[in-house]
Q: 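Below is the structure I would like to discuss, written out as structure tokens.
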Amino acid sequence: METKAAPPKQRSWAEPWKVKVVEPLKTTTREHRRKAMAEAGYNTFLLRSEDVYIDLLTDSGTGAMSDRQWAGMMLGDEAYAGSRNYYRLQENVRNYYGYQYMVPTHQGRGAEHLLSKIMIKPGDSVPGNMYFTTTRLHQELAGGHFVDCITPAAHDPADQSPFKGDFDLAALERLIRDVGPDRVPYVCVGATVNMAGGQPISMTNMRAVHEIAQRHGIRIFLDATRAVENAWFIQQREPGYADRSVASLLKEFCSYSDGCTMSGKKDALVNIGGWLAMNDAELYQRAANLVVVFEGLHTYGGMAGRDMEAMAQGIEESVADDHIRARIGQVQYLGQKLIDWGIPIVRPIGGHAVYLDAKAFYPHLAQDEFPAQRLAAELYLDAGVRSMERGIVSAGRDEATGKHRYPKLELVRLTIPRRVYTQAHMDVAAESVAAVYQQRHDARGLVMTFEPKYLRFFQARFEPKG
Ligand code: F0G
């Protein structure tokens, strides 16, 4: 007799959108990929996108815009000064993030550049919850020195603490005491923390950082690039917040800071754009003056009117609870599959990406044989899935000694673009990771054959060892 399985009791979420336009993908042979990888110097940043099947390099500028955003592109007011779209963007930054003033920039690092130049004096220390590549470089170029004050749990891929983006408050206090508050221009808060695996910081910790900073008269600037995703984790994980909307949590979170830098290419669902925001009128005057030197007039910065319109609309869409649940839900789906198969990833699963623990994949490789760089190459070779190294290559060289920095985390990031891929793509990517994991014992290291001066991970070239 045929037996039928009982229907499942669970109720699934589904994406709160349907597909209107599709972009064909190309599959390639292993031989084609082998040649492409060699030509790219074993650096996934140097591959042609055409040679990639499923592109999990980054969630930056790779999202799909909505029909309303595309319609908004037609409302672009391309006036040099005082564009209508600028005012809508300003209003939405005020309404959703709560900051009074805003200067548009071409993307996040444009805002980081301006902020670093305005705030940092040579010799200053800038504490933060783990570095981000472009953020730290701009701080250093302005003469500052980044000091990592993240909780030690963030450096352990297996630690399952719910808020691994939290500050180590004692470390923050210690730094302020050691260098003196007037040598700390601001505290740089990342939410979520990209290099730690997309880990969130709790509302409680943010409030405590605010209290410390206030006590010493130090400002806080938030890297709000994925702050909406951070707000979702607060809603899901932090006691007392389950009934609050993501939008209200975002606004409260931002209220503990004095301003933010923003890459609109992530949370805000656009292909290009960003901003620098603040509450202080005098700081705004300085930013508005400096932006005309490096980006453009203060009412467009580095953006076209149509792009500001798309970003203003994107902000509204980004804070919708059903959007963010499906967005992070997809990341969790991919991560959970890998966990179920015993594949070593950073736990808990982050907001925008699943991070493979390359040290655990390839324990036989030394860190200066670039295990994560190798793993990213192997993944591409297997099925054309593109990922990104987030380990020793990304960490770069120490300013003072010129030696490699050896980060505790040696990771490969599978980053999920927003509203782009389906669950089936996640299945294919997961199965490819599993296949590469099966062959992990055979992997050899790499040697670096070309190393650019700044942000070397973007353009460095490698060859297989031996
Ligand atoms: N801050 C964070 C946390 C980021 O992840 C990024 C970019 C930036 C700032 C800089 O913004 O690219 O618009 O200039 N992250 C991308 C990534 C590149 O792939 O993680 P941008």
Side-chain angles (χ1 to χ4, degrees), residues 43-45 47 49 55-63 103-116 126 128-141 146 148 150 154 164-165 188-201 221-230 233 257 259-277 291 294-295 301-303 307 310-311 314 331 346 350-355 372 376 386-391 393-396 409 411-418 420 454-459:
N43 185 345
T44 52
F45 278 102
L47 288 167
S49 149
D55 202 346
L56 307 184
L57 181 71
T58 176
D59 63 332
S60 182
T62 52
V103 173
T105 58
H106 73 285
Q107 58 183 79
R109 69 198 72 177
E112 292 166 355
H113 177 210
L114 299 178
L115 180 69
S116 302
V126 186
N129 48 348
M130 201 172 269
Y131 82 101
F132 183 71
T133 53
T134 56
T135 320
R136 180 175 64 189
L137 179 58
H138 279 298
Q139 291 163 356
E140 288 174 355
L141 290 173
F146 175 79
D148 193 3
I150 202 166
K164 283 165 78 174
C188 179
V189 179
T192 58
V193 182
N194 194 351
M195 302 304 279
Q199 303 295 330
I201 152 168
F221 275 87
L222 177 66
D223 180 342
T225 296
R226 297 183 185 84
V228 178
E229 294 178 0
N230 198 90
F233 281 115
S257 68
C260 78
T261 54
M262 176 73 184
S263 171
K265 301 169 74 172
K266 284 81 163 177
D267 271 354
L269 297 162
V270 286
N271 304 122
I272 194 73
W275 71 76
L276 171 62
V291 75
F294 292 105
E295 305 265 330
M303 302 183 74
D307 291 327
M311 192 157 74
V331 179
V346 174
H352 64 300
V354 173
Y355 291 71
R386 173 153 69 172
S387 57
M388 182 193 291
E389 193 263 10
R390 293 277 81 156
V393 184
S394 294
L409 298 175
L411 309 174
V412 167
R413 189 180 75 176
L414 300 165
T415 336
I416 315 304
R418 295 167 184 76
V420 169
Y454 298 118
L455 304 174
R456 62 183 184 178
F457 57 94
F458 283 129
Q459 291 147 337

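Quick note: numbers below take in every heavy atom, side chains included, and nothing from hydrogens, waters or symmetry partners. In listed order, ligands and their atoms are each counted from 1.
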Q: To the nearest 0.5 angstrom, please state how far the OG1 atom of Thr134 sits from the CG atom of Asp223.
A: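 With rounding to 0.5 Å, OG1 (Thr134) is 7.5 Å from CG (Asp223).
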Q: Considering all heavy atoms of both residues, which atom of Gly198 and which atom of His352 are nearest to each other, and what is their separation?
A: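 Heavy atoms of Gly198 and His352 come nearest at CA-CE1, 3.5 Å.
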Q: Of all residues at least two apart in sequence or in a different chain, which pass the ring-ring contact (aromatic ring centres under 6.0 Å, His included) check with Tyr454?
A: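 For Tyr454, no residue satisfies ring-ring contact (aromatic ring centres under 6.0 Å, His included) once neighbours in sequence are set aside.
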Q: Ion pair present between Asp55 and Arg386, side-chain N to carboxylate O less than 4.0 angstrom?
A: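 A salt bridge links Asp55 with Arg386.
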Q: Could you tell me the separation between the CG atom of Asn194 and the CZ atom of Arg390, rounded to the nearest 0.5 Å?
A: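 Result: 6.0 Å between the selected atoms.
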Q: What does the list of residues with a heavy atom under 4.0 Å from ligand 1 look like, ordered by chain and number?
A: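 Thr58, Ser60, Gln107, Gly108, Arg109, Glu112, Phe132, Thr134, Asn194, Asp223, Thr225, Arg226, Ser263, Lys265, Lys266, Met388, Arg413.
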Q: Mark yes or no: Arg109 above the aromatic ring of Phe132, with NZ or CZ under 6.0 Å from the six-membered ring centre and no more than 45 degrees from the axis.
A: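 No, Arg109 does not lie over the aromatic ring of Phe132.
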